[in-house]
Amino acid sequence: MLLALAWLARTLVLALILLFLLPLAAHALWWWSRDDLAPDWTTADWSSARLLPAATTAPEASVRIYAARVGRWRGIFAHHTWIVVKEAGAPRYTRYDVVGWGLPVRKDAYAADARWFGNPPQVVLALDGEAAARAVPRIHAAVAAYPYAKAGSYSAWPGPNSNTFVAHVLRAVPDLAVALPPTALGKDFSERLIARTPSRTGLQLSARGYLGLTLGWVEGIEVNILGAVAGLDLRRPALKLPGWGRIGMDPAGATETLIAPTARS
């Protein structure tokens, strides 16, 4: 019995080193070797990355979820995610984020497809047409019902934060059927120990975001330790590593979208 426990302990320590500590250390070295990091908030580029066409040239309803690395040392660990919607025929996009100052939920505080702290956004979900038209009113309702919308309710770690907010919307609109990046630190924050995954295709165990386990067809297999996530996506094969995020096929919701910047009309 003691030998079995010792073997289990060594296996867990080795897994922790290989799946969590080494990837984070390697990503930290790569992150600090970059010469394009904005030194502070005021000098960072917050302009449009020009991923979206002008709203007037895209008459269909649309939904987008974007993720971009956060600034300075925190970019080693985390992405910031947000939601963009447009009703059919609307002349403009509407962007929803949660931020860490004032009232957390912000509407159109930045351009819909803006860089975040100088880091370009990546597409997590792209939905257009009838499916988007059905989702948009439900997204508006989910935003209005976000339970951590009062001043002072934001917590960068382990949540509730910007990624907790987007995960809340995904849980309210499971038809979107997309998983946030493993580096969306805070997405697993929950006051419930056991719940269905946001896509409702599996189960999620969460100790308020500090520790957790997710098993779902859309979300894949994810182990959360202090907010860092390692796991596998079996539906669209990919490895999920702390710091690096998703390595493999793009999420299903982003596969039909041009991620490279496109010119506006």
Q | Set of side-chain hydrogen bond (donor to acceptor under 3.5 Å, both in side chains) partners for S47, sequence neighbours left out | A | D45, R115

Q: Using the six-membered ring wherever Trp is involved, compare the ring planes of Y110 and W46 and label them parallel, tilted or perpendicular (cut-offs 30° and 60°).
A: parallel

(Q) Suppose we screen for side-chain hydrogen bond (donor to acceptor under 3.5 Å, both in side chains). Which residues come up paired with R200, at least two apart in sequence or across chains? (A) none

**Q.** Sub-6.0 Å ring centroid separation between W31 and W73
**A.** no

Q | Nearest non-hydrogen partners of P242 and L24, listed with the distance | A | CB-CG, 3.7 Å

Q.
So, using side-chain hydrogen bond (donor to acceptor under 3.5 Å, both in side chains) as the criterion, who are the partners of N224 when residues are at least two apart?
A. none

Q: List the atom of G118, the atom of A44, and the distance in Å for their closest heavy-atom pair.
A: N-CB, 4.0 Å

Q. If you round to the nearest 0.5 Å, how far is CZ of R95 from CZ of R64?
A. 14.5 Å

Q. When rounded to the nearest 0.5 angstrom, what distance separates CG in L170 from CD1 in I83?
A. 6.5 Å

Q: Not counting sequence neighbours, list each pair that qualifies as a salt bridge (Lys or Arg N to Asp or Glu O under 4.0 Å) and has a residue in residues 204-224.
A: K187-E222, E222-K240

**Q.** Smallest separation among heavy atoms of N163 and N161, with atom names
**A.** N-OD1, 3.0 Å

(Q) For H79, give me all partners under ring-ring contact (aromatic ring centres under 6.0 Å, His included), at least two apart in sequence or on another chain. (A) none

Q.
List the residues meeting side chain to side chain contact (heavy atoms under 4.5 Å, CB included) with L193, not counting sequence neighbours, and say none if there are none.
A. none

(Q) If you compare all heavy atoms of Y93 against all heavy atoms of A58, which two are closest, and at what distance to 0.1 Å? (A) OH-CB, 4.2 Å

Q. Going from CD1 on I194 to CG on L205, what distance comes out if it is rounded to the nearest 0.5 angstrom?
A. 5.0 Å

Q | R196: salt bridge (charged side-chain N to carboxylate O under 4.0 Å, His left out) partners, not counting sequence neighbours | A | none

Q: For the residue pair H80 and D97, confirm or rule out a side-chain donor-acceptor distance under 3.5 Å.
A: yes

Q: May I ask you to test the T197-L203 pair for a side-chain heavy-atom distance under 4.5 Å?
A: no

Q: With sequence neighbours left out, write down each residue that passes salt bridge (charged side-chain N to carboxylate O under 4.0 Å, His left out) with D40, or none if nothing qualifies.
A: none

**Q.** Selection residues 130-153 - residue pairs positive for ring-ring contact (aromatic ring centres under 6.0 Å, His included), sequence neighbours left out
**A.** Y96-H140, Y146-Y148, Y146-F165, Y146-H168, Y148-F189

(Q) With no hydrogens and no angle check, just 3.5 Å: does a side-chain donor-acceptor pair link Q122 and R246? (A) no

Q: Return yes when atom CZ of R34 has more than 12 non-hydrogen atoms of other residues, nucleotides or ligands closer than 6.0 Å, and no otherwise.
A: yes

Q) Is the number of heavy atoms from other residues, nucleotides or ligands within 6.0 Å of CZ (R74) greater than 12? A) no

Q | Rounded distance [0.5 Å steps], CG in D188 versus CG in L211 | A | 11.0 Å

Q. Who pairs with R138 by salt bridge (charged side-chain N to carboxylate O under 4.0 Å, His left out), at least two apart in sequence or on another chain?
A. D175

Q: Name all pairs fulfilling the ring-ring contact (aromatic ring centres under 6.0 Å, His included) condition that reach into residues 196-232, sequence neighbours left out, sorted by first residue then second.
A: W157-Y210

**Q.** Residues which pass side chain to side chain contact (heavy atoms under 4.5 Å, CB included) with A131, listed by chain and number, not counting sequence neighbours
**A.** L127, R134

Q. How close do G243 and T183 get, heavy atom to heavy atom, and via which atoms?
A. O-CG2, 3.7 Å

